[in-house]
Amino acid sequence: MIASTAFSVIFLLVIITKTSSMDLAGAKKVLIKPLYDVPHVENQNSAPKITVSIYYDSLCLDSVDLFKDQIGPNLAKFQKYVNFDFVPFGNADKKLFEGKWFFKCKKGLTECMKNKWQACSIHVLPSKLQILANYLVCYMSSTGERHSGYQCTRNMGLYDEYYGKIKKCFINRELSDSLMVQYSNRTQSVLPRSAQIPSVVINGVYNENEQDEAKYNIANVICKYLHPKPAGIC
């Protein structure tokens with residue numbers, strides 16, 4: 001009887017231990033930071049914010065121009081009304097081989113590496129106060145430079161707190177690959193195959209008629225979705 005009771009207790013302890021281990025493993029997966037936290041950015045205005053998602057890749061000249069000529073000049077103007085959300089995958093392809101992901105970009109390995117660096121930047125940098133958006137504008141404006149990620153963190157005073165974290169994410173293949181896979185899935189689920197890169201998507205809905213206008217006048221496209229329209233801006 002005593003032996004039977006002891007066996008039951010030991011068996012129960014084994015089950016509890018295994019269950020706890022499984023719970024901890026699941027918790028680690030749940031605690032991975034989302035790709036973007038813009039829906040949770042504190043609203044600075046009484047009117048609800050809209051989300052403007054930018055689907056792009058790092059070395060596409062049209063993507064670079066969009067950041068330099070449209071996003072950058074309009075960040076401060078619309079920060080009270082817009083959550084900017086960034087998806088750096090573009091027209092790349094992905095393939096799973098022997099348990100590892102491999103990516104192929106239109107402009108080669110360098111573009112894939114720069115996309116991945118930006119994915120890690122999005123994962124690490126806070127989006128409040130447009131810190132992330134301004135960093136990506138800086139990065140995209142200097143993609144031709146070899147160490148643009150380093151230079152932009154230096155120029156913006158972000159180096160001490162964030163550069164090491166971005167680099168750690170970048171060299172962690174499991175983490176950085178998982179970010180790229182999620183961005184790939186988002187791109188494929190939101191954009192039709194006919195969509196061009198870059199594409200600007202408002203509140204998660206792709207509108208083909210607005211794409212050309214957004215590339216040359218993103219402020220006008222944003223203003224269509226703001227109600228009431230802010231005086232002096234729209």
Side-chain angles (χ1 to χ4, degrees), residues 31-45 49-61 63-90 92 103 105 107 109-183 186 198 200 218 222:
L31 290 175
I32 292 177
K33 183 182 175 183
L35 283 177
Y36 62 101
D37 58 351
V38 285
H40 308 293
V41 174
E42 183 179 352
N43 200 340
Q44 304 171 34
N45 185 59
K49 283 189 173 185
I50 65 170
T51 295
V52 177
S53 301
I54 312 297
Y55 290 77
Y56 68 104
D57 50 29
S58 61
L59 295 181
C60 168
L61 293 180
S63 293
V64 172
D65 289 343
L66 180 66
F67 275 82
K68 291 172 63 176
D69 301 334
Q70 297 299 319
I71 299 174
N74 284 292
L75 282 177
K77 182 191 300 184
F78 288 106
Q79 67 176 342
K80 292 183 179 180
Y81 311 97
V82 174
N83 293 320
F84 283 95
D85 163 41
F86 302 95
V87 187
F89 193 81
F103 303 94
C105 296
K107 295 187 181 296
L109 180 61
T110 299
E111 183 169 69
C112 281
M113 293 297 98
K114 286 183 175 291
N115 286 348
K116 183 176 285 191
W117 182 272
Q118 291 187 75
C120 281
S121 301
I122 295 166
H123 184 70
V124 169
L125 291 171
S127 57
K128 285 187 177 181
L129 304 178
Q130 301 291 3
I131 292 175
L132 170 63
N134 278 291
Y135 173 82
L136 292 179
V137 168
C138 175
Y139 190 95
M140 288 295 292
S141 299
S142 57
T143 51
E145 300 175 17
R146 185 174 180 182
H147 301 296
S148 50
Y150 169 83
Q151 292 166 347
C152 287
T153 53
R154 281 291 191 191
N155 295 343
M156 296 178 63
L158 302 173
Y159 178 83
D160 291 342
E161 186 172 359
Y162 295 112
Y163 181 78
K165 295 177 182 178
I166 298 172
K167 185 176 180 179
K168 184 177 180 180
C169 167
F170 179 77
I171 63 178
N172 182 339
R173 181 169 181 177
E174 183 178 358
L175 174 56
S176 58
D177 280 1
S178 70
L179 296 176
M180 294 305 297
V181 168
Q182 290 179 67
Y183 279 139
R186 280 191 63 193
V200 178
I218 197 172
I222 290 173

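Numbering starts at 1 and runs along the sequence shown. Note that the coordinates shown come from a computational prediction; the quantities given were computed from them, not determined experimentally.
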#### Entry: ring-ring contact (aromatic ring centres under 6.0 Å, His included) evaluation trace for Trp117 with Tyr163
CA-CA 11 Å; Trp117 182 272; Tyr163 181 78; 5.7 Å; yes
### Message
Under the criterion side chain to side chain contact (heavy atoms under 4.5 Å, CB included), I'd like the reasoning laid out for Phe170 against Ser176: C-alpha separation, chi angles, the key distance, then a yes or no.
### Response
CA-CA 6 Å; Phe170 179 77; Ser176 58; 5.5 Å; no
Contact check, side chains of [X] and [Y], non-hydrogen atoms, under 4.5 Å:
X	Y	result
Asp177	Phe103	yes
Tyr139	Ser121	no
Leu179	Cys169	yes
Asn83	Ile50	no
Tyr135	Cys152	yes
Ile54	Leu66	yes
Ile122	Pro88	yes
Ile166	His123	no

Got a second to check how far [X]'s [atom1] is from [Y]'s [atom2], nearest 0.5 Å?
X	Y	atom1	atom2	value
Lys68	Ser141	NZ	OG	6.0 Å
Phe86	Ser127	CZ	OG	9.5 Å
Asn172	Lys167	CG	NZ	14.0 Å
Glu161	Thr153	CD	OG1	12.0 Å
Lys107	Thr110	NZ	OG1	11.5 Å
Phe67	Cys60	CZ	SG	10.5 Å

Any idea which heavy atoms bring [X] and [Y] closest together, and the distance?
X	Y	answer
Met180	Ala119	SD-CB, 3.7 Å
Cys138	Ser142	O-OG, 2.9 Å
Gln130	Leu75	OE1-CD2, 3.9 Å
Val124	Lys165	CG1-CB, 3.7 Å

### Query
Are Tyr56 and Gln118 linked by a side-chain donor-acceptor pair shorter than 3.5 Å?
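Short answer, yes.
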Within the distance-only criterion (no hydrogens, no angle test), does the side chain of [X] pair as donor or acceptor with the backbone N or O of [Y] below 3.5 angstrom?
X	Y	answer
Glu111	Cys105	no
Lys49	Gln79	yes
Asn74	Lys77	no
Asn155	Gln151	yes

### Task
Just do the side chain to side chain contact (heavy atoms under 4.5 Å, CB included) check on Thr51 and Ser53 with the steps written out, would you?
CA-CA 6 Å; Thr51 295; Ser53 301; 3.9 Å; yes
Run the side-chain hydrogen bond (donor to acceptor under 3.5 Å, both in side chains) test against [X] and tell me which residues pass, sequence neighbours left out.
X	result
Asn134	none
Tyr150	Arg154
Asn115	Ser58

### Task
Apply the test side chain to side chain contact (heavy atoms under 4.5 Å, CB included) to residues Arg186 and Asp85: give CA-CA distance (whole Å), side-chain angles for both, the deciding distance (0.1 Å), then the verdict.
CA-CA 12 Å; Arg186 280 191 63 193; Asp85 163 41; 2.8 Å; yes
### Message
With salt bridge (Lys or Arg N to Asp or Glu O under 4.0 Å) as the criterion, how do Lys114 and Asp57 come out once you've worked through the C-alpha distance, each side chain's angles and the decisive distance to 0.1 Å?
### Response
CA-CA 8 Å; Lys114 286 183 175 291; Asp57 50 29; over 6 Å; no
